[in-house]
*Asks:* 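One structure, pasted below without further comment.
Residue numbering restarts at 1 for every chain, and letters A, B, ... go by the order of the sequence lines. If you're wondering where the values come from, they're calculated on a predicted model, not measured in any experiment.
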Number of protein chains: 2
Amino acid sequence: MTNQKQIASGLGISAATVSNALAGKGRVSKDLADRIAAKATELGYVPSAAGRALKTGRSGILGLVMPDITQPVFPDFAHAVEGEADKCGLGVLIANSRGGEDGQASAIKALIQRGVDGIIVVPHRGTSPIITEVPSVVVSTPSDPNSIVSANHRQGGRLAATALLELGHRHFLLIGDDPLSPVQMDRIDGMAEALTGVGTFEIMWTSRGFPDLVEKHGAGVSAILTVSDLLALRVITEAARLGLRCPDAISVIGFDDLPLAKAVRPTLTSIVPDTAELSRRSVACLNAILSQNGQDVRRSIVDFTIAHRESTGPASPLNRNPTRRKQ
Amino acid sequence: MTNQKQIASGLGISAATVSNALAGKGRVSKDLADRIAAKATELGYVPSAAGRALKTGRSGILGLVMPDITQPVFPDFAHAVEGEADKCGLGVLIANSRGGEDGQASAIKALIQRGVDGIIVVPHRGTSPIITEVPSVVVSTPSDPNSIVSANHRQGGRLAATALLELGHRHFLLIGDDPLSPVQMDRIDGMAEALTGVGTFEIMWTSRGFPDLVEKHGAGVSAILTVSDLLALRVITEAARLGLRCPDAISVIGFDDLPLAKAVRPTLTSIVPDTAELSRRSVACLNAILSQNGQDVRRSIVDFTIAHRESTGPASPLNRNPTRRKQ
DNA sequence: TTGAAAGCGATACCAT
DNA sequence: ATGGTATCGCTTTCAA
C-alpha cells in the first residue's frame with residue numbers, strides 16, 4: 001500500500017504538501033498539484049481510511065440497524081439508504097437486531113465499536129432505543145415519540161379505505177395478521193378511521209383463524225382491506241377457490257407494493273411506502289447532525305401513495321346501499 | 001471519548017499495560033487486569049476502531065457487493081453473510097453495483113477506499129470482476145471459472161424436473177423470464193438435462209410473450225417448471241382464471257422459496273437455495289485467506305434442496321403415457 | 001510483571 | 001507556495 005510519504009519522497013517534496021494537494025484545498029501550485037496527482041495514480045495510491053479517521057475523528061461510515069433484512073420492505077429501505085449515503089460520501093455498515101431488544105442493543109453497540117459516525121435504526125417491534133454515544137435517527141411510526149422519520153401507516157390505511165369508498169364499496173372486512181404489531185395496528189386504525197360513519201366494517205386477525213369469505217360475502221361485504229400484499233394475495237386465492245372472483249365479487253387491497261403485486265393475476269392494488277423518501281430524509285437528517293447543523297432535526301412524516309391495479313373495482317349496485325345494513 | 005491513556009493515568013500506570021490487559025494476552029497480573037477492566041467500564045471506554053486499524057493494518061470489516069439488494073434472495077444472502085461475519089468478529093459494509101459493470105467496479109473501489117479487509121462479490125449479470133487490492137471471494141455459478149462459492153443452479157433445475165417425473169408427469173413446459181440471464185439459463189438447462197429422453201418439453205420465455213396455458217394443457221402438458229416463485233405464482237393465478245386448477249390440472253414448481261411460497265394458496269413447491277451455507281462458505285473462505293491460511297481456497301458448489309408443497313401433485317393417468325406424444 | 005518509546009497514515013497548525 | 005512537526009489511539013517490540 002502506497003502512502004503519501006512515498007509519493008512525497010518519490011517527488012522530493014514534503015508529505016504535508018502531498019496531503020494538501022490531494023485534499024484539493026488550493027494551497028498548492030497547480031503545477032505541483034498535477035504532478036502529485038499523476039504520481040499518486042502512477043503508484044496506485046489509495047488513501048488510508050484508518051489514518052484519516054484517526055486524525056479527523058470521523059470514519060465516514062454510518063450504521064444501519066434493522067429488525068430483519070429478510071422481511072419485505074427492509075431490503076428496499078437498506079438499498080435506498082445505501083444509495084443516499086453514497087451520495088453524501090458515506091458508507092453503510094449493516095447490523096441485524098437479531099431477535100428482540102437484546103440483539104438490537106448489542107447490534108448498536110457493535111456498530112459504535114466499529115467507529116460509525118452515526119446510526120439509523122428501525123426499531124424492533126415497538127421498542128424505542130436511545131443511543132447516546134453517537135448521533136442517531138430513529139425511523140419508526142408517528143406514534144413513537146422518539147421517531148424522527150416516520151412512515152404514516154394510519155394515513156396509508158385511510159388511503160386504502162377511501163380508495164374503495166370512492167369505488168362505491170360500503171361494507172368492508174379489515175384483515176390483519178397480528179394485532180400485536182404496532183405497524184399493523186396503525187394501518188387498521190387508519191382504515192377504520194376513514195370508514196367510520198361512511199360504511200360498515202369488521203376487523204379480523206388471522207392469528208385467530210382465517211375468515212369465512214363466503215359467509216362475509218353473503219352478508220354484503222364487497223371489499224377486503226388487508227395489512228400486507230401477502231395477506232391480500234392469500235385472500236384472493238382463497239376466495240378464488242371458493243368461487244369468488246376478484247375484483248368482480250370482491251375487491252381486495254394490499255400493502256407495501258411488493259414485487260409480487262405486479263406478478264400475480266389479478267395484479268394487486270396496493271398501498272406503497274415511499275422508501276426512497278424515507279431513506280432520503282433519514283440520511284439527510286443524520287448528515288445534518290454530523291455537519292454540526294444539528295438545528296433542523298425536526299420530526300418528519302412520510303405518506304404512502306396508492307397503486308391502482310386489477311384487484312380493486314367498482315362495487316356492484318347491490319352493495320352500494322349503506323342502509324341495507326346496520327352501521 | 002475515553003482512551004487507554006486516560007485509563008492508564010487514572011490508575012497511575014502505563015498505557016502499554018492497559019493495552020495488554022484489555023487485549024487479554026495474559027501478560028498482566030490478574031489483579032491489575034481486573035482493576036483496569038473496572039476502570040474501563042467505569043469510564044465507558046470504547047476502543048477506537050481507527051487507532052487499532054491504523055496500527056494493525058486491518059479494519060475488521062469486509063465489503064459485500066451485490067447487484068441489487070432489492071431482488072429476491074439477495075437480502076437473505078446479505079443477512080446470512082452479516083450473521084456469519086459477526087461470528088468471526090467482522091463487520092459488513094454493503095455496496096450496490098448499481099446498474100451494470102461500471103457501477104460494480106466503482107462499488108468495489110469505494111469499498112477498498114473505505115479500508116475493508118476483503119470483499120465478497122456476487123457479480124453483476126455474468127460479469128466476472130477481478131479484485132487485486134484486497135482478498136476477495138466471488139459468489140456466482142459453477143460456469144464462472146472465477147467463482148469460488150457457487151450455487152448449483154443446474155442441479156436445482158434437475159431437482160425440479162426429477163421431482164415431477166417421480167410424480168408421473170411426462171409432458172412439460174419450462175418457463176423463464178429472460179434467456180440472457182445466466183442463472184435462469186443454468187436452471188433451464190438443468191431441467192432440460194433431467195428431462196431429455198424421459199419426457200417431452202418445450203422452453204418458453206415470457207420476454208417473448210406469455211404462453212397460452214389452455215392450449216399447452218390441451219396438448220398434454222401437465223407440469224410447468226419455472227425459474228422463479230414469482231413466475232410460478234403468475235402461472236398459477238393465470239391458470240386459475242382460465243379454469244385450470246393447480247395442482248389438479250397442472251403442477252407448477254417455483255424457484256428460490258421466497259416467503260410468498262408459503263403465503264399463497266396453493267402453497268408453492270419450490271427449489272430452495274441454501275443461502276446459509278453459501279454465506280457460511282463465503283465468509284469462511286475469506287476469513288481463511290485473511291488469517292494467512294490461504295491454502296484452502298478451493299472452489300465449492302452448494303446444492304439446492306426442494307420443498308414439496310401443494311402446487312405439485314401426481315399426474316393424472318391420462319398424461320402418464322409418454323408414447324402418446326412424440327419426443 | 002510493567003513501562004518507555006516508536007510508529008501506523010493523514011492532517012493541520014505554524015513556520016518559512 | 002511549501003515544509004516541519006505534533007497529533008489522533010492503539011499495538012508492539014525492547015528494556016527494566
*Asks:* Please give, in whole Å, the distance from C/dT2 C1' to B/Lys30 NZ?
*Replies:*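 Whole-Å distance recorded here is 18 Å.
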*Asks:* If you draw a 6.0 Å radius around CD in A/Glu42, do more than 12 non-hydrogen atoms from other residues or ligands fall strictly inside?
*Replies:*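 More than 12 within 6.0 Å, yes.
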*Asks:* Minimum heavy-atom separation for A/Ala78 to B/Ile94, with atom names?
*Replies:*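 For A/Ala78 and B/Ile94, the tightest heavy-atom pair comes out as O-CD1, 4.4 Å.
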*Asks:* Return the OG to CG distance between A/Ser282 and A/Leu64, rounded to the nearest 0.5 Å.
*Replies:*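 Here the interatomic distance stands at 9.0 Å.
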*Asks:* Go nucleotide by nucleotide along DNA chain C from the 5' end; which of B/Leu54 and B/Val28 gets its closest nucleotide reached first?
*Replies:*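 The residue whose closest nucleotide sits nearer the 5' end is B/Val28.
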*Asks:* Tell me the interatomic distance from A/Leu11, atom CG, to D/dT2, atom C1', rounded to whole angstroms.
*Replies:*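 Checked: the CG to C1' distance equals 13 Å.
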*Asks:* Listing time: all N or O pairs from protein to nucleotides 10-12 of chain D that are below 3.5 Å?
*Replies:*
unit_1 : atom_1 : unit_2  : atom_2 : d
D/dC10 : OP1    : B/Tyr45 : OH     : 2.5
D/dC10 : OP1    : B/Ser48 : N      : 3.0
D/dC10 : OP2    : B/Gln4  : N      : 2.8
D/dT11 : OP1    : B/Arg52 : NE     : 2.7
D/dT11 : OP1    : B/Arg52 : NH2    : 3.2
D/dT11 : OP2    : B/Gln4  : NE2    : 3.1
D/dT11 : OP2    : B/Ser19 : OG     : 3.2
D/dT11 : O2     : B/Lys55 : NZ     : 3.1

*Asks:* Which atom names give the shortest non-hydrogen contact between A/Ser59 and A/Val116, and what distance separates them?
*Replies:*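 Nearest pair, atom of A/Ser59 first, then A/Val116: OG-CA, 3.8 Å.
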*Asks:* For A/Ile7 and D/dG3, what is the distance between atoms CD1 and P respectively, to the nearest whole Å?
*Replies:*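 After rounding, the reported distance stands at 14 Å.
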*Asks:* Could you walk me through whether A/Glu84 and A/Arg281 pass salt bridge (charged side-chain N to carboxylate O under 4.0 Å, His left out), step by step?
*Replies:* CA-CA 9 Å; A/Glu84 287 301 318; A/Arg281 295 201 195 170; over 6 Å; no
*Asks:* So what does B/Leu32 touch, heavy atoms closer than 4.0 Å: a base, only the sugar-phosphate, or nothing?
*Replies:*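 The residue B/Leu32 makes sugar-phosphate contact but no base contact.
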*Asks:* Determine, step by step, whether B/Arg125 and B/Asp178 satisfy the salt bridge (charged side-chain N to carboxylate O under 4.0 Å, His left out) criterion, reporting the C-alpha distance in whole Å, the side-chain angles of both residues, the deciding distance to 0.1 Å, and the verdict.
*Replies:* CA-CA 12 Å; B/Arg125 260 302 174 83; B/Asp178 177 4; 2.6 Å; yes
*Asks:* From C-beta outward on A/Ile13, which listed nucleotide comes closest to its side chain: D/dC8, C/dG3, D/dG3?
*Replies:*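 Within the option list, the nearest is D/dG3.
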